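A quick write-up on the structure given underneath.
Predicted model only: the values in this text are computed from it and were never measured.
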Amino acid sequence: MSRGIRISEPSAEMQMKIIRARKAIAQQKPRYLRCPYCQHNALAVYEDTRGHVETKCKKCGEITVFDVLSMRRTRFHPQ
């Protein structure tokens, strides 16, 4: 059952960019942002991720925009 989707190998230049990106995050711990609708892990972000990202949840299909900097976990400091 073909849907007409074309899959091809990325160009050599794009493959080098992918390799560099993977090396850049190799030592960073991922943090997962949850879908606000179904609580499914919607997006993995790393320490150097900044700005806004838009993603579609693979579970419920809702599209959400996240402000990565404001979604940082806050630690509880008892007084």
If every non-hydrogen atom of Glu47 is compared with every non-hydrogen atom of Arg50, which pair is closest and at what distance?
O-NH1, 4.1 Å
Which residues pass the side chain to side chain contact (heavy atoms under 4.5 Å, CB included) test with Glu9, sequence neighbours left out?
Gln15
State the CD-OG1 distance between Glu54 and Thr64, to the nearest 0.5 angstrom.
8.5 Å
Rounded to the nearest 0.5 angstrom, the OG1-CG distance for Thr49 and Leu33 is 9.0 Å
Restricting to non-hydrogen atoms, name the atom on Thr55 and the atom on Ala42 that form the minimum distance, rounded to 0.1 Å.
OG1-O, 3.7 Å
What residues form a side chain to side chain contact (heavy atoms under 4.5 Å, CB included) with Lys58, not counting sequence neighbours?
none
Hits for side chain to side chain contact (heavy atoms under 4.5 Å, CB included) against Glu62, two or more places apart or cross-chain, chain-then-number order -> Tyr37, Cys60
Applying salt bridge (Lys or Arg N to Asp or Glu O under 4.0 Å), can you list everything that pairs with Glu13, at least two apart in sequence or on another chain?
Lys17
Can you check whether Val68 reaches His52 side chain to side chain, under 4.5 Å on heavy atoms?
no
Nearest heavy-atom approach of Gln28 to Tyr46 is OE1-CB, 3.2 Å
Using a 4.5 Å cut-off between side-chain heavy atoms of Ile, Leu, Val, Met, Phe, Trp and Tyr, which other residues end up in the same hydrophobic cluster as Met16?
Ile19
What residues form a side chain to side chain contact (heavy atoms under 4.5 Å, CB included) with Arg22, not counting sequence neighbours?
Ile18
